[in-house]
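Note: hydrogens, waters and symmetry copies are ignored here, and every other heavy atom, side chains too, is used. Throughout, a chain's letter reflects where its sequence line sits, starting with A, and its residues are numbered from 1. Small disclaimer: the values here were computed from a predicted structure and weren't measured.
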Number of protein chains: 2
Amino acid sequence: MSKVARDNMDARRPQPSPVTIMIGLEAVIVAVTEGVPRILSVGHTDHALSPPEHGVRTRPEAPDALPFGPLDPSADCTLDQALRGWVSEQTGLSLGYVEQLYTFGDPYRDPLQREGGPRVISVAYLALTRECVPAREQNASWRDCYTYLPWEDWREGRPQILGHVIEPALQQWLTGINEPSRQRRQRERVDICFGFSGSAWDPERALERYQILYEAALVPEAWPQDTPAERLPTSPSGRPMALDHRRILATALGRLRGKLKYRPVVFELLPDTFTLSQLQGVVEALSGVRLHKQNFRRLVEKGGLVEESGGTTFSTGGRPAKLFRFRREVLRERPAPGVRLPGAS
Amino acid sequence: MSKVARDNMDARRPQPSPVTIMIGLEAVIVAVTEGVPRILSVGHTDHALSPPEHGVRTRPEAPDALPFGPLDPSADCTLDQALRGWVSEQTGLSLGYVEQLYTFGDPYRDPLQREGGPRVISVAYLALTRECVPAREQNASWRDCYTYLPWEDWREGRPQILGHVIEPALQQWLTGINEPSRQRRQRERVDICFGFSGSAWDPERALERYQILYEAALVPEAWPQDTPAERLPTSPSGRPMALDHRRILATALGRLRGKLKYRPVVFELLPDTFTLSQLQGVVEALSGVRLHKQNFRRLVEKGGLVEESGGTTFSTGGRPAKLFRFRREVLRERPAPGVRLPGAS
DNA sequence: TCAAAAGTGTTATCCTTACACCCATGT
DNA sequence: ACATGGGTGTAAGGATAACACTTTTGA
């Protein structure tokens, strides 16, 4: 090996440092049942089950959290394997589709570091599963992901919370910005992300929206640890989560919404055979918008995404529906097969 | 804090382990000049400048590497800030657009771990920059990214190397797979990724293609460290890089190609004003395919992506060209503004 | 018989693609 | 004059979005 390359190698040797590093693996495990997109969450207490009211001053003491497991650096496995391992151990779920989302490494994102603990770097994953097996752990359960991000669900029209709570609060935040050019930039960003002032609502921008709410301190997660209860600003609702887990959830939702359009990931969430309404229901649940029935059906059928399985189901409430299955050959035919959302420009 | 939540916290405390963890930040820094997409690479020796011949048995002793810097866990900054910091320190470049790509954590991906060194987790970033400032470091330089991934450049038609080297080598690899169902699955995967057997070429699948070449041991990076020179399989060309850096490069290229279509990232690589040909040249350089001139122009103009700046340039070789600039307002008007490639289904 | 959900048909409109052709400069 | 690259017009085909309408079940 040449001297140059050896020098580069040497640069990688660890410097002595008082702070050690820990890798945490966090998983957003998604399943859709009866039109509800659910994620597996742990650590919540039962008395906290009722969702907080809009605008109520609140700071839950035992917030929900995403399931996670530490990485054993001496273990002889990849990050993915480690993740699958502890998820199966803790919950009994064997994950199918798994995708790395993002690595979060802000200092002090875990309060433990303040107490002299290690610096925790979290590698977040998105996992999709068909079954909602009740988790093996006592304190884990499947929860509607829109309890955490209620402004993301537009299926019943524009969510009340946007007009009643979020828009005025963000306007107030914007007027509080002194520097004019900064204010203009932020106003544009808010308009684009939240669809204010005539901008369109883009379901994929879930992370950017959460990020803005965080910067504007409209989510309890952004408030300092030691804020006295009476000085807390009002929460724009949405159930909080531990640490930055809601940010991770928003990342997962945005990524999944994007992926729907160009990869056939929906089928990871459906049984082998399904009706077109079921398929549409899952897409709607995840994207958070309603789709035009006839056009949706034509798109997936003529797009070669599904084929009739031959069977029919009578459990529809109306006329029996044909059963379909995913048509794998589409992978050969089209470069980016997925379910196009309207206005996907 | 409730007992449940506290238990969760405690699970995050570090276990005693003989193996320590190190975080490395690696950057794929991209710039496009004169139609060549370049990345900043370090650590190569001058005598290795000539590209290896197709099919030559070779194992460069001082491979090129991506620039990287270790994360100081006690430093009070985010991963992004740390990255910008050492890039500016080492190269003098101040990065504009920066995006996290992926975190690589396979054990023993760095041979140092075998020698009892720490487990290295690499967080890879994609960074775009306009200027090709000659790097401050002696052994850093800008290099055509297709020297590393020659099969990805279809601008002059289908690359020779695909038909002459890669396709036969992969066919041989496939016939060597004993289990029939596995062989069928892998054959389908190869066809889809490389566009064999009538499948279309999808520029975005750069990572999947590299991954296959790696699994088929067609890149030197996949060969065992101690392979004697005479037993080395033939390389399907493409200049190798250190560790898994070529995989990181492939990740970056695929991601960038995808992003071009729905986010206006090209403009991060162009000066403030530019001609439409320059714009097209950059898109072509990155996507690796030629685009239809007139349609491209109409798409970006009627799509509201650019506006005339008023000026013209005479350094074209033909008729002077109007200068354009990026039209920021498009962000408001369209949910996902980008440059559509042909056949984007 | 009616509600509910499945499924079919048709049309106007826009966007993509491909082709042919003209324009302004340097040599 | 001509080569070179910049720029315009137009027509065919396909995809999208919005309509109204029929069919088949359970209650």
- Non-neighbouring partners of B:E308 that pass salt bridge (charged side-chain N to carboxylate O under 4.0 Å, His left out), sequence neighbours left out: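 So B:E308 forms a salt bridge (charged side-chain N to carboxylate O under 4.0 Å, His left out) with B:K322.
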- Message: Check this for me, if you would: do B:R263 and A:D202 make a salt bridge, where the nitrogen-to-carboxylate-oxygen distance has to be below 4.0 angstrom?
- Response: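 Yes, charged N to carboxylate O under 4.0 Å.
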- Item | A:R209 bridged to A:D191 by N-O distance under 4.0 Å |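 No, A:R209 and A:D191 are not salt-bridged.
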- For every nucleotide of nucleotides 8-15 of chain D, 5' to 3': is a protein heavy atom under 4.0 Å from its base (B), only from its sugar-phosphate (S), or from neither (-)? B-B-----
- Which part of the nucleic acid does B:T275 contact within heavy-atom distance under 4.0 Å: base, sugar-phosphate only, or nothing?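 No contact.
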- Item | Inter- and intrachain pairs under side-chain hydrogen bond (donor to acceptor under 3.5 Å, both in side chains), touching residues 270-282 of chain A, at least two apart |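 Every side-chain hydrogen bond (donor to acceptor under 3.5 Å, both in side chains) pair that includes a residue of residues 270-282 of chain A, provided the two are not neighbours, is A:Q280-A:E284.
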- Message: Under the ring-ring contact (aromatic ring centres under 6.0 Å, His included) definition, can you give me all pairs with a residue in residues 309-328 of chain A, not counting sequence neighbours?
- Response: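 Passing the test, one end in residues 309-328 of chain A: A:F267-A:F326.
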- Does A:S277 have a side-chain nitrogen or oxygen under 4.0 Å from the phosphate oxygens OP1 or OP2 of C:dA5?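 Negative; the distance criterion is not met.
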Rounded distance in Å - [atom1] ([X]) to [atom2] ([N]):
X: B:L276; N: C:dA24; atom1: CG; atom2: P; answer: 17 Å
X: B:K293; N: C:dC22; atom1: NZ; atom2: P; answer: 15 Å
X: B:L323; N: D:dG6; atom1: CG; atom2: P; answer: 12 Å
X: A:F324; N: C:dG7; atom1: CZ; atom2: P; answer: 6 Å
X: B:F296; N: C:dT16; atom1: CZ; atom2: C1'; answer: 15 Å
X: A:Q278; N: C:dA5; atom1: CD; atom2: C1'; answer: 13 Å

- Considering the terminal five base pairs at each end of the helix from C:dT1-D:dA27 to C:dT27-D:dA1, what angle separates the two local helix axes, rounded to 10°?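 Inter-axis angle at the termini of the helix from C:dT1-D:dA27 to C:dT27-D:dA1: 0°.
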- Can B:Q186 and B:R189 be said to form a side-chain hydrogen bond (donor to acceptor under 3.5 Å, both in side chains), step by step? CA-CA 5 Å; B:Q186 293 288 43; B:R189 181 171 163 235; 2.9 Å; yes
Would you call [X] and [Y] a side-chain contact if the rule is heavy atoms closer than 4.5 Å?
X: B:L286; Y: B:V30; value: yes
X: B:W142; Y: B:I29; value: yes
X: A:L40; Y: A:V28; value: no

Just the atom pairs and distances: protein N or O near nucleotides 24-27 of chain D's N or O, under 3.5 Å.
unit_1, atom_1, unit_2, atom_2, d
D:dT24, O2, A:R319, N, 3.4

- Message: Can you confirm whether more than 12 heavy atoms, excluding those of A:R158, are under 6.0 Å from its CZ atom?
- Response: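 Yes, CZ of A:R158 has more than 12 neighbouring heavy atoms, counting only those of other groups under 6.0 Å.
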- Message: A:E204 and salt bridge (Lys or Arg N to Asp or Glu O under 4.0 Å): which single residue from A:R257, A:K261, A:R255 fits?
- Response: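 The residue from A:R257, A:K261, A:R255 that satisfies salt bridge (Lys or Arg N to Asp or Glu O under 4.0 Å) with A:E204 turns out to be A:K261.
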